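The block underneath contains the structure these notes are about, expressed in structure tokens.
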Amino acid sequence: MLTYEGVRVSGTPYAPHTAEDVETMLAALDAESVDALFDIPDSVWFDGEFGIEGRSEQAARRDVGRTLAENADLTEFLGRGHYEHYVPSLVDDLASRSEFLTSYTQYQPEVAQGFLQALFEYQSLLVELTGLDVANCSMYDAATALAEAALLAARVRETTGDTVVVPDSLRSEHESVLRNYLEGADLGIETVPMAGGTVDVAALETVVDDDTVMVYAATPTTRGTIEEELDAIGAVAHEHDALFCLGSDPVALSVLQRPADVGADVVVGDASVLGLGAAYGMGLGLFACREAYVRQVPGRLVGASTDAADKRAYTLTLQTREQHIRRERATSNICTNQAWLALRAAIHAAWLGPDGLVDLAERMVELPRELAGELDAITGVRAPVHDRHHFREFVTHTDQPAGAVADSLEAAGFAVHVVGDHEVQVCVTDANEAHTDELVAAFEEAA
């Protein structure tokens with residue numbers, strides 16, 4: 001923090017205010033000091049000392065190594081929105097090129113054609129998988145993509161309405177983000193129950209009314225089931241002039257019905273299933289919609305055009321965020337995006353190719369079916385709980401308390417989700433399939 005003549009001015013030498021400027025502004029505010037403008041406890045003010053003992057690099061590495069060694073070395077069969085697929089080394093190699101890794105954003109197309117083209121390819125991938133007309137070049141994550149879809153629905157709906165309907169299986173973290181976004185727009189949330197692992201359409205018909213602006217459903221669901229009545233869900237939404245928003249991911253979409261074919265108006269989800277390992281926090285939000293809503297799309301769009309030499313060129317277009325137009329006309333206050341992660345997803349998808357992507361997705365149907373069958377053969381275990389098709393993951397009933405089963409599995413070196421008093425959820429992908437035999441043996445011991 002810089003001070004001039006005893007007046008605290010700023011924390012950076014790049015701030016333009018002189019001591020006289022600061023004193024003038026403080027007088028106008030009737031404040032005695034800059035500190036008086038902030039209600040910050042003394043205990044967290046930086047006093048110029050970090051209170052950290054100096055260490056050599058070698059000693060620091062030893063300390064960090066000891067801390068990291070305290071992490072549990074578990075084989076994860078965790079899912080519920082965070083999925084691990086094998087990421088080829090090619091992705092790291094290409095994405096680490098300096099022109100990609102150090103690029104902040106692609107405002108200057110004359111020096112960013114390569115990155116812009118990669119993002120255009122990412123958008124094109126999502127358009128092909130969803131069957132919709134427009135995809136942006138990423139959102140923060142699946143939760144914020146869902147929230148932005150709800151705000152879009154409220155803006156484009158021809159009549160009034162203030163309710164977004166979601167399944168009661170929606171992850172609590174996603175619901176929290178959605179609720180946070182909707183409060184500022186005077187919108188609320190209604191939930192619809194699940195029946196057998198998928199949306200109860202009969203109950204949905206009683207919940208949705210003319211005050212509904214959007215209906216959200218996901219396939220695969222949070223519990224790994226494939227939603228089988230998407231047409232009916234979309235029809236209920238459209239009957240009341242509400243938008244139908246579908247949640248999914250690029251791997252699942254390569255074998256499931258195209259969202260456009262079941263009436264989806266907007267598709268959201270997490271595209272980091274490609275190009276990124278399970279980060280349990282960082283994500284890559286996908287957002288696609290019908291062309292009618294293109295001017296309401298949040299975030300950034302990469303468009304293709306021609307330059308002065310009549311060559312194909314790429315540039316950011318239809319930028320409708322607060323930084324670029326008047327605030328009251330902005331569609332979103334999203335300040336950045338996940339361009340580098342979108343680049344990684346595009347590289348991974350190109351490496352797989354159309355057939356490879358389908359092969360991966362088909363394996364995500366086979367693996368949970370095979371593992372559920374093996375677990376179901378264990379006395380005291382029933383898998384899967386839901387008589388549905390599954391993708392990557394499934395819920396398993398245990399006669400023993402689920403917490404005790406999970407603890408026993410953890411002691412054996414495995415991590416699963418506890419989702420009920422007698423229910424655990426297991427996720428299997430190409431990243432952990434080599435350990436399924438040991439997991440089954442651990443289940444036998446736990447049960």
Side-chain angles (χ1 to χ4, degrees), residues 57 61 64-65 68 71 73 75-76 78-79 81-129 135-142 249-254 269-286 299-300 302 304 312-316 336-364 367 392 427 429-435:
E57 178 183 331
R61 290 177 68 91
V64 172
L68 293 177
N71 288 329
D73 185 15
T75 299
E76 297 175 356
L78 303 171
H82 300 284
Y83 305 109
E84 183 89 34
H85 290 292
Y86 176 74
V87 179
S89 57
L90 175 75
V91 175
D92 281 339
D93 188 63
L94 292 179
S96 296
R97 290 178 60 94
S98 61
E99 57 264 54
F100 293 141
L101 192 59
T102 63
S103 172
Y104 168 62
T105 194
Q106 299 74 44
Y107 291 131
Q108 295 176 276
E110 64 274 17
V111 295
Q113 283 299 295
F115 208 149
L116 286 168
Q117 181 176 353
L119 295 177
F120 185 83
E121 296 299 337
Y122 165 80
Q123 293 175 179
S124 300
L125 167 71
L126 296 183
V127 165
E128 185 170 351
L129 290 173
N136 74 6
C137 59
S138 79
M139 305 294 294
Y140 293 135
D141 53 23
D249 70 73
V251 177
L253 287 173
S254 67
D270 200 323
S272 67
V273 293
L274 294 174
L276 186 70
Y280 302 109
M282 181 185 297
L284 168 60
L286 71 87
R300 297 170 178 161
V302 176
R312 188 174 178 86
Y314 303 91
T315 187
L316 295 177
T336 184
N337 65 358
Q338 302 287 59
W340 189 66
L341 299 185
L343 168 76
R344 293 179 63 93
I347 295 171
H348 193 174
W351 181 83
L352 286 168
D355 292 339
L357 189 58
V358 170
D359 289 344
L360 175 61
E362 290 178 342
R363 191 69 180 133
M364 295 309 101
L367 285 173
R392 294 194 190 96
C427 178
T429 71
D430 53 311
N432 60 10
E433 63 173 311
H435 302 282

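Being a predicted model, the structure only gives us computed values, none of them experimental.
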Using 0.5 Å steps for rounding, measure from the CG atom of Leu286 to the CG atom of Leu253. 7.5 Å

Atom CE of Met364 and atom CG of Asp430: how far apart are they, to the nearest 0.5 Å? 4.5 Å

Contacts table for residues 350-362: side-chain donor-acceptor under 3.5 angstrom, sequence neighbours left out:
none

Identify the two heavy atoms, one from Tyr83 and one from Cys427, that lie closest to each other, and give their separation to 0.1 Å. CD2-SG, 3.7 Å

Under 3.5 Å, is there a donor-acceptor pair between the side chain of Gln338 and the main chain of Gly285? no

Using a 6.0 Å cut-off, check whether atom CD of Glu99 has over 12 heavy atoms from anything other than its own residue. yes

Using 0.5 Å steps for rounding, measure from the CD1 atom of Ile347 to the CD atom of Glu121. 11.5 Å

Over all heavy atoms of both residues, which pair between Leu129 and Ser254 is shortest? Give the atoms and the distance, please. CD2-CA, 3.9 Å

Heavy-atom pair with the smallest gap, counting every atom of Leu274 and Pro250: CD1-CB, 3.9 Å

Heavy-atom donor-acceptor pair, Asp92 side chain to Val87 backbone, under 3.5 Å: no

Any side-chain heavy atom of Leu316 within less than 4.5 Å of one from Leu116? yes

Is it the case that the side chains of His85 and Arg392 hold a donor-acceptor pair, with the cut-off being a distance below 3.5 Å and no angle test? yes

Smallest heavy-atom separation, Ala346 atom then Ala118 atom, equals CB-O, 3.9 Å

Arg344 CZ to Tyr122 OH distance, which is reported to the nearest 0.5 Å: 13.5 Å

Residues Phe100 and Gly114: closest non-hydrogen pair is CE2-C, 4.2 Å

For the residue pair Tyr314 and Phe120, does the interplanar ring angle fall in the parallel (under 30°), tilted (30 to 60°) or perpendicular (over 60°) class? tilted

Smallest heavy-atom separation, Ala135 atom then Val127 atom, equals N-CG2, 3.9 Å

With a 4.5 Å cut-off on side-chain heavy atoms, are Ser138 and Leu341 touching? no

Would the distance check show the side chain of Thr429 and the main-chain N or O of Glu84 forming a donor-acceptor pair, the cut-off being under 3.5 Å? yes

In Å and rounded to the nearest 0.5 Å, what is the CG to CD distance from Asn136 to Gln123? 7.0 Å

Validation row: Leu284, Asp270 side chains within 4.5 angstrom (heavy atoms): yes

Quick one: does any side-chain atom of Gln106 pair with a main-chain N or O of Phe115 as donor and acceptor, under 3.5 Å? no

